[in-house]
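Read the structure below first, then the notes.
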Amino acid sequence: MMNLAIKSTDIFDPNTYWKVKEKLDRNPKRINRNVIYRVTLKFDRSALVDERMMAFSIPESKSQQYPNNDVKDHIHYLLNLQLKRASRACKNAGIQSHHFSINGDDLTDSKSLVIILKKETKELMYQGRGKNKRVMDGYCIVPDLPGIQQELAKTLAQQLINDIKSGKINLEDFREKD
């Protein structure tokens, strides 16, 4: 796994494509062009409540996709736009990838973006047949990774408690036997 930090920028930067591409181009020895990677672009999740979020305008041509024009729509539009820019920069820099994600997280420097390249270990999915057969690209947007992890942990803990109370899980089965 490789982490490449881009300093003095944030998720609102209109030059994300160029900054990602430049960072990748400056690290040719660290990147194996024969390997397929999973690419993640991380940003500081404090941007989700930044006043610039609502100032980031959604074009009229995208109004049907984002009909509410609320904070959620602005977040999704911005993250989708930046993810597409970053994935295009990776492909143009010669990075082989079919899985791209953008994650909001707690970064040590809120004025930075982090590109994570991780070797792909899962089997690729294909679409089409014959000469039209090609690898599918996957895109994932996770605005608040720690928030989702916390909610998931709460839900699973509650489910576990319910299963213990209902007798579906017996704690005695998990105790060490002498």
Side-chain angles (χ1 to χ4, degrees), residues 1-48 50 52-53 55-62 64-66 72-149:
M1 184 166 70
M2 182 183 336
N3 292 348
L4 303 169
I6 304 171
K7 303 289 183 188
S8 303
T9 189
D10 61 24
I11 197 63
F12 300 102
D13 193 331
N15 297 311
T16 300
Y17 169 86
W18 295 108
K19 290 183 178 182
V20 169
K21 185 160 183 333
E22 179 183 21
K23 190 63 159 182
L24 295 169
D25 287 343
R26 286 188 174 190
N27 289 280
K29 290 186 171 99
R30 293 181 62 196
I31 300 169
N32 183 343
R33 301 288 196 244
N34 297 317
V35 170
I36 298 174
Y37 292 100
R38 294 175 76 85
V39 178
T40 301
L41 181 66
K42 285 196 174 225
F43 67 94
D44 192 81
R45 70 179 177 148
S46 65
L48 298 173
D50 190 301
R52 293 177 291 171
M53 189 60 74
F56 199 91
S57 63
I58 299 173
E60 191 66 37
S61 62
K62 300 286 184 181
Q64 283 187 325
Q65 263 182 288
Y66 305 99
K72 286 183 180 181
D73 281 352
H74 281 257
I75 289 170
H76 190 268
Y77 174 73
L78 174 64
L79 297 183
N80 186 47
L81 176 69
Q82 297 295 48
L83 179 59
K84 298 290 185 182
R85 286 175 177 168
S87 67
R88 198 172 74 243
C90 289
K91 288 184 177 192
N92 290 338
I95 304 296
Q96 292 187 64
S97 181
H98 299 285
H99 180 273
F100 300 93
S101 64
I102 187 165
N103 297 347
D105 210 340
D106 296 320
L107 301 182
T108 54
D109 180 4
S110 64
K111 299 285 186 214
S112 68
L113 297 173
V114 178
I115 306 163
I116 300 171
L117 300 176
K118 185 177 180 183
K119 196 176 200 177
E120 180 63 76
T121 57
K122 295 184 179 168
E123 190 174 320
L124 299 176
M125 294 181 62
Y126 293 88
Q127 66 183 22
R129 293 182 180 177
K131 67 178 183 179
N132 294 325
K133 187 175 178 178
R134 65 183 184 86
V135 177
M136 291 175 54
D137 287 345
Y139 297 90
C140 180
I141 297 174
V142 183
D144 184 2
L145 185 60
I148 288 174
Q149 290 168 331

Self-check item: Short side-chain to backbone donor-acceptor contact, Q82 and D13, under 3.5 Å
Solution: yes

Exercise. Indicate yes or no: at least one non-hydrogen side-chain atom of I58 is less than 4.5 angstrom from one of H74.
Key: yes

Quiz prompt | Minimum-distance pair of heavy atoms, taken over all atoms of K7 and D109 | solution = CD-OD2, 3.7 Å

Quiz item: Does N103 have any side-chain hydrogen bond (donor to acceptor under 3.5 Å, both in side chains) partners at least two apart in sequence or in another chain, and if so, which?
Solution: none

Practice problem: Applying salt bridge (Lys or Arg N to Asp or Glu O under 4.0 Å), name anything that partners K23, two or more places apart in sequence or on another chain. | Solution: none

Self-check item: Least distance between heavy atoms, L107 atom then S112 atom
Solution: CD1-O, 3.7 Å

Quiz item: Roughly how far apart are T9 OG1 and W18 CH2, rounded to 0.5 Å?
Solution: 15.0 Å

Quiz prompt | Point-to-point distance, once rounded to the nearest 0.5 Å, from CG of N27 to CG of L4 | solution = 5.0 Å

Self-check item: Residues that Q149 engages under side-chain hydrogen bond (donor to acceptor under 3.5 Å, both in side chains), provided they are two or more places apart
Solution: none

Quiz item: Minimum heavy-atom separation for L48 to P143, with atom names?
Solution: CD1-O, 3.2 Å

Practice problem: Mind listing the closest non-hydrogen atom pair of A89 and L24 along with its distance? | Solution: O-CD1, 4.4 Å

Self-check item: Any pair counted as salt bridge (charged side-chain N to carboxylate O under 4.0 Å, His left out), so long as it reaches residues 25-37, sequence neighbours left out
Solution: K21-D25, E22-R26

Self-check item: Spatial distance of atom NZ (K119) from atom OH (Y37) [nearest 0.5 Å]
Solution: 8.0 Å

Quiz item: At their closest point, which heavy atom of L78 faces which heavy atom of I11, and how far apart are they?
Solution: CD1-O, 3.7 Å

Practice problem: Please lay out, stage by stage, how K122 and R38 fare under the test side chain to side chain contact (heavy atoms under 4.5 Å, CB included). | Solution: CA-CA 10 Å; K122 295 184 179 168; R38 294 175 76 85; 4.3 Å; yes

Quiz item: Can you name the residues that form a side chain to side chain contact (heavy atoms under 4.5 Å, CB included) with I148, not counting sequence neighbours?
Solution: V142

Quiz prompt | Separation between CG of L117 and CE of M1, rounded to the nearest 0.5 Å | solution = 10.0 Å

Quiz item: side chain to side chain contact (heavy atoms under 4.5 Å, CB included) between N80 and Y139: does it pass, once the steps are laid out?
Solution: CA-CA 9 Å; N80 186 47; Y139 297 90; 6.0 Å; no

Exercise. For D44, check salt bridge (Lys or Arg N to Asp or Glu O under 4.0 Å) against everything at least two apart and list the hits.
Key: none

Quiz item: Is there a side chain to side chain contact (heavy atoms under 4.5 Å, CB included) between F43 and D10 once you walk through the steps?
Solution: CA-CA 7 Å; F43 67 94; D10 61 24; over 6 Å; no

Quiz item: Does any pair with a residue in residues 73-85 pass salt bridge (charged side-chain N to carboxylate O under 4.0 Å, His left out), and if so which ones, sequence neighbours excluded?
Solution: none

Quiz item: Which residue, I115, L83, V114, forms the side chain to side chain contact (heavy atoms under 4.5 Å, CB included) with L41?
Solution: I115

Quiz item: Just how far is it from atom NE2 of H99 to atom CD of E120, taken to the nearest 0.5 Å?
Solution: 7.5 Å

Self-check item: CA sep, side-chain torsions, deciding dist, call: F12, M53, side chain to side chain contact (heavy atoms under 4.5 Å, CB included)
Solution: CA-CA 8 Å; F12 300 102; M53 189 60 74; 4.0 Å; yes

Practice problem: If a pair satisfies salt bridge (charged side-chain N to carboxylate O under 4.0 Å, His left out) and one of its residues is in residues 91-108, list it, with sequence neighbours excluded. | Solution: K42-D105, R45-D106, K91-D137

Quiz item: With sequence neighbours left out, what residues match R88 under salt bridge (Lys or Arg N to Asp or Glu O under 4.0 Å)?
Solution: none

Exercise. Any chance you could measure I102, atom CD1, to I141, atom CD1, to the nearest 0.5 Å?
Key: 7.0 Å

Self-check item: Shortest non-hydrogen contact from Y77 toward S57
Solution: CE2-O, 3.8 Å

Quiz item: With sequence neighbours excluded, what pairs up with S97 under the side-chain hydrogen bond (donor to acceptor under 3.5 Å, both in side chains) test?
Solution: none

Quiz item: Taking only residues two or more places apart in sequence or in another chain, which ones pass side chain to side chain contact (heavy atoms under 4.5 Å, CB included) with Q65?
Solution: K62

Quiz item: How would you list, by chain and number, every residue that makes a side-chain hydrogen bond (donor to acceptor under 3.5 Å, both in side chains) with T40, sequence neighbours excluded?
Solution: S101

